[in-house]
> 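This is the structure I want to talk about, given as structure tokens.
Since this is a predicted model, take the numbers as computed values, not measurements. Counting convention: from 1, in listed order, for ligands and their atoms alike. Numbers for residues simply follow the sequence, beginning at 1.
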Amino acid sequence: MKDKIKVLFICLGNICRSPAAKGAFQNLVKQKNLESKFVIDSCGTSGYHDGELPDPRTRKVALKRGIQLTHRSRKLKPSDFDEFDYLLVMDDNNFREVISLIKEETIKNKVFKFASFRTDDGPDIVPDPYYGTEKDFESVQNLVEDCSDGFLKYLGV
Ligand code: 4NP
């Protein structure tokens with residue numbers, strides 16, 4: 001659908017942060033009855049966890065907010081750069097990696113750090129919780145929900 005806003009959330013493994021961001025943004029869009037206006041997906045810069053469901057800790061924390069995550073991990077692919085309008089990365093490593101794969105300046109302009117849309121003045125990254133505790137996963141969930149609010153406001157839809 002040409003008129004839809006196509007949003008791709010990107011992290012490293014596509015089992016923690018970007019599926020959490022996808023779920024949070026989808027949930028927000030649903031609450032606002034804006035589902036028909038969006039295509040929302042997520043992927044990883046690596047294919048380490050190809051085909052896997054999100055990490056059990058990511059799923060548990062999302063489910064506590066009423067969000068069921070059924071995404072299957074996939075690696076970022078070249079066609080994503082044409083397909084999507086917004087490429088929302090989680091940290092500086094993701095940013096560098098994604099930018100390094102893009103040749104055209106107009107496509108580089110589609111890449112944003114998702115946490116640059118947070119509504120407080122904290123750092124503009126979503127930190128990797130993979131080697132952390134459940135508390136770190138809760139923090140990621142809180143942050144991606146806040147960034148979702150900020151991003152939707154930025155879009156002005
Ligand atoms: P994510 O977290 O990038 O937020 O999905 C990670 C998941 C897996 C690995 C690293 C980060 N890993 O090295 O397997």
Side-chain angles (χ1 to χ4, degrees), residues 5-31 38-102 107-152 154-155:
I5 302 170
K6 297 176 195 131
V7 181
L8 183 64
F9 296 99
I10 307 172
C11 62
L12 172 61
N14 192 216
I15 54 168
C16 300
R17 294 165 292 174
S18 61
K22 174 183 170 179
F25 190 64
Q26 274 178 329
N27 190 50
L28 178 65
V29 158
K30 191 174 176 196
Q31 281 170 6
F38 285 94
V39 171
I40 304 164
D41 198 6
S42 75
C43 68
T45 57
S46 80
Y48 300 157
H49 296 276
D50 240 9
E52 292 179 20
L53 281 170
D55 186 285
R57 298 163 294 178
T58 303
R59 280 187 280 150
K60 182 179 170 187
V61 164
L63 204 52
K64 281 204 239 169
R65 317 290 172 97
I67 302 169
Q68 191 166 13
L69 301 179
T70 57
H71 178 78
R72 293 282 175 173
S73 178
R74 73 165 178 91
K75 189 176 180 182
L76 176 67
K77 54 183 192 277
S79 59
D80 289 326
F81 298 136
D82 298 318
E83 188 76 21
F84 288 90
D85 304 309
Y86 292 93
L87 304 165
L88 299 176
V89 299
M90 300 297 136
D91 64 25
D92 293 312
N93 287 334
N94 306 152
F95 188 87
R96 276 192 292 272
E97 178 71 20
V98 172
I99 289 288
S100 77
L101 297 170
I102 300 171
I107 295 183
K108 285 185 186 177
N109 291 336
K110 295 179 175 184
V111 185
F112 296 85
K113 289 204 264 180
F114 188 40
S116 67
F117 298 103
R118 69 191 294 165
T119 63
D120 61 17
D121 56 5
D124 65 353
I125 58 156
V126 182
D128 184 350
Y130 189 60
Y131 295 105
T133 63
E134 190 164 324
K135 198 160 164 272
D136 298 310
F137 282 80
E138 294 273 3
S139 302
V140 165
Q141 182 66 33
N142 290 335
L143 183 52
V144 296
E145 287 180 14
D146 180 59
C147 295
S148 293
D149 282 334
F151 180 56
L152 194 60
Y154 167 82
L155 293 175

> Taking distance alone, with no angle check, do C11 and ligand 1 share an N/O pair under 3.5 Å?
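No - when backbone and side-chain N and O of C11 are compared with those of ligand 1, no distance drops under 3.5 Å.
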
> Parallel, tilted or perpendicular: which one describes the rings of Y154 and Y86, with boundaries at 30° and 60°?
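Perpendicular.
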
> Give me the nearest non-hydrogen protein atom to atom 10 (C) of ligand 1 as residue plus atom name, then the distance to 0.1 Å.
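Heavy-atom neighbour on the protein nearest atom 10 (C) of ligand 1: L12 CD2, 3.7 Å.
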
> So, using side-chain hydrogen bond (donor to acceptor under 3.5 Å, both in side chains) as the criterion, who are the partners of K30 when residues are at least two apart?
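For K30, no residue satisfies side-chain hydrogen bond (donor to acceptor under 3.5 Å, both in side chains) once neighbours in sequence are set aside.
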
> Among all residues two or more places apart in sequence or in another chain, which pass the side-chain hydrogen bond (donor to acceptor under 3.5 Å, both in side chains) test with E83?
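With neighbours one apart ignored, the set is empty.
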
> Considering non-hydrogen atoms of the protein only, which is the closest contact for atom 2 (O) of ligand 1, and what is the distance?
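Here the nearest protein heavy atom works out to D128 OD1, 3.3 Å.
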
> Just go through F137, Y131, Y48, Y130 and tell me whose heavy atom is the nearest to atom 6 (C) of ligand 1.
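The nearest heavy atom belongs to Y130.
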
> Please verify the inter-ring angle class for H49 with Y130; under 30° counts as parallel, over 60° as perpendicular, anything in between as tilted.
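Geometry flag for Y130 against H49: perpendicular rings.
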
> Can you tell which part of N14 has a heavy atom less than 4.0 Å from ligand 1: side chain, backbone, both or neither?
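The answer is the backbone.
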
> Please list, in number order, the atoms of ligand 1 under 4.0 Å from a heavy atom of H49.
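With H49 as reference, the close atoms of ligand 1 come out as 8 (C), 12 (N), 14 (O).
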
> Tell me the nearest of P54, C16, P19 to atom 5 (O) of ligand 1, using heavy-atom distances.
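The residue whose heavy atom sits nearest atom 5 (O) of ligand 1 is C16.
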
> Can you confirm whether I10 sits close enough to C43 that some side-chain heavy atom of one is under 4.5 Å from a side-chain heavy atom of the other?
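Sidechains of C43 and I10: in contact.
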
> Below 4.0 angstrom from a heavy atom of I15, which ligand 1 atoms are there? Numbered from 1 as shown, please.
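Close to I15: 5 (O), 7 (C), 8 (C).
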
> With side-chain hydrogen bond (donor to acceptor under 3.5 Å, both in side chains) as the test, pick out the partner of H71 among Q26, K22, R59.
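Checked Q26, K22, R59 against H71; only one passes side-chain hydrogen bond (donor to acceptor under 3.5 Å, both in side chains): K22.
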
